[in-house]
Amino acid sequence: MFDLAIIGLGAWGKRLIGSVHGKSDNVRFTRAVTRTVANAKDFAQDHGLELGDDYAAALDDASIDGVVVCSPGNIHVEHALAAIEAGKHVLVIKPLALNRRNSEAIYEAADKKGVFVGLGYERCFLPAADELRRRVRAGDLGRIVHAEGIYCVGR
């Protein structure tokens, strides 16, 4: 089992935990770090998470194999680099960084440390994706032999 910590336990962080909690034989969240512990106390208890506001303590935890960075985007670089320095594998929920130089710094640090770093763009939880999965499983679309898709964000 691959034990994860998450930094940032807002709505999206909670959704990520819910997507694997009790459903995966490969990964589990065991620890969460958030600025306002009181706001996440019930959620953490319901999901068996050790909860705190000390990111360094989570990174020092030898039982943690990887970190999911789900904090505000302007501090993703700081959080990712700290996790990499601690020898943790890292998944950063978009954005990875706010500029190319910082993105490259994250990948270079991971390469030097020998850990994996990835970028999560979690559109698979959108209601439309849920509905498509439901229709495929129900056989509503017949036998699927090929599929293509695109997701475009416009303003």
Side-chain angles (χ1 to χ4, degrees), residues 1-53 55 58-59 61 63-84 86 88-100 102-104 106-107 110 115-155:
M1 186 65 76
F2 197 80
D3 288 334
L4 297 170
I6 190 166
I7 180 161
L9 203 52
W12 200 248
K14 290 175 182 175
R15 185 158 196 170
L16 292 172
I17 290 168
S19 72
V20 298
H21 183 75
K23 301 173 187 172
S24 175
D25 295 327
N26 300 311
V27 299
R28 67 180 170 204
F29 285 94
T30 59
R31 193 163 185 157
V33 178
T34 188
R35 291 180 298 196
T36 312
V37 172
N39 292 348
K41 200 171 189 176
D42 291 341
F43 179 86
Q45 187 173 17
D46 291 345
H47 291 82
L49 300 171
E50 183 177 341
L51 179 65
D53 61 3
Y55 187 44
L59 295 179
D61 185 342
S63 72
I64 298 297
D65 301 305
V67 174
V68 176
V69 176
C70 198
S71 54
N74 63 321
I75 51 178
H76 281 185
V77 174
E78 174 188 337
H79 289 154
L81 290 174
I84 291 165
K88 309 296 183 187
H89 301 285
V90 181
L91 175 67
V92 180
I93 304 305
K94 71 159 185 75
L96 179 63
L98 300 181
N99 61 57
R100 181 178 176 166
N102 285 340
S103 295
E104 290 172 348
I106 289 171
Y107 285 114
V115 297
F116 171 84
V117 65
L119 173 65
Y121 190 69
E122 303 298 331
R123 294 298 177 206
C124 62
F125 300 121
L126 288 174
D130 290 339
E131 177 62 14
L132 179 59
R133 273 191 294 278
R134 186 198 66 73
R135 289 182 183 190
V136 169
R137 287 182 186 133
D140 294 348
L141 303 177
R143 182 172 162 247
I144 298 173
V145 295
H146 178 79
E148 286 187 39
I150 185 166
Y151 179 80
C152 182
V153 180
R155 289 186 186 230

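Quick caveat, the model's predicted, so the values are computed rather than measured.
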Q: Nearest 0.5 Å please: distance from the OG atom of Ser24 over to the CZ atom of Phe29.
A: 10.0 Å

Q: Got a sec, which residues hit ring pair (Phe, Tyr, Trp, His ring centres under 6.0 Å) with Tyr107, two or more places apart in sequence or on another chain?
A: none

Q: Is there a side-chain contact between Leu91 and Ile93 (heavy atoms, below 4.5 Å)?
A: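 The answer is yes; the side chains approach within 4.5 Å.
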
Q: So how far is it from Leu9 CG to Arg31 CZ, rounded to the nearest 0.5 Å?
A: 13.0 Å

Q: With rounding to the nearest 0.5 angstrom, report the OG1 to CG distance, Thr34 to Leu51.
A: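 Answer rounded to 0.5 Å: 7.0 Å.
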
Q: Please find the pair of heavy atoms, one from Ala82 and one from Tyr55, that lie closest to each other, and give the distance.
A: CB-CE2, 4.0 Å

Q: Distance from His89 atom NE2 to Ile64 atom CD1, nearest 0.5 Å?
A: 12.5 Å

Q: Taking all non-hydrogen atoms of both residues, which atom of Pro95 and which atom of Leu119 are closest, and how far apart?
A: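 Looks like C-CD1, 4.3 Å.
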
Q: For a quick test of reading the model, state the closest non-hydrogen atom pair linking Leu59 to Ala83 and the distance between them.
A: CD2-CA, 3.7 Å

Q: For Arg28, check salt bridge (Lys or Arg N to Asp or Glu O under 4.0 Å) against everything at least two apart and list the hits.
A: Asp3

Q: Evaluate whether atom CD of Gln45 has more than 12 neighbouring non-hydrogen atoms of other residues, nucleotides or ligands under 6.0 angstrom away.
A: no

Q: Suppose we screen for salt bridge (Lys or Arg N to Asp or Glu O under 4.0 Å). Which residues come up paired with Asp46, at least two apart in sequence or across chains?
A: none

Q: Applying ring pair (Phe, Tyr, Trp, His ring centres under 6.0 Å), name anything that partners His47, two or more places apart in sequence or on another chain.
A: His21, Phe43

Q: For the residue pair Val27 and Asp65, establish whether any side-chain heavy-atom pair is separated by less than 4.5 Å.
A: no

Q: Please find the pair of heavy atoms, one from Arg15 and one from Asp130, that lie closest to each other, and give the distance.
A: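 Closest approach of Arg15 to Asp130: NH2-OD2, 4.2 Å.
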
Q: If you count the non-hydrogen atoms of other residues, nucleotides and ligands that lie under 6.0 Å from CZ in Arg134, is the total more than 12?
A: yes

Q: Provide the full list of side chain to side chain donor-acceptor pair (under 3.5 Å) pairs with a residue in residues 72-83, sequence neighbours left out, each pair given once.
A: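 For residues 72-83: Ser71-His79.
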
Q: List the residues meeting side chain to side chain donor-acceptor pair (under 3.5 Å) with Thr36, not counting sequence neighbours, and say none if there are none.
A: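 Listed in chain order: nothing, the list is empty.
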
Q: Measure across Val117 and Ala110 and return the closest heavy-atom pair with its distance rounded to 0.1 Å.
A: CG1-CB, 3.7 Å

Q: Just verifying a value: how many Å separate Leu81 CG and Ile75 CD1, rounded to the nearest 0.5 Å?
A: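 That separation rounds to 12.5 Å.
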
Q: Which distance, rounded to the nearest 0.5 Å, do you find between the CZ of Arg137 and the CZ of Arg133?
A: 6.5 Å

Q: Are any side-chain N or O atoms of Lys23 and backbone N or O atoms of Gly18, one a donor and one an acceptor, separated by less than 3.5 Å?
A: yes

Q: Would you indicate whether the side-chain heavy atoms of Val115 and Val90 approach each other to under 4.5 Å?
A: no

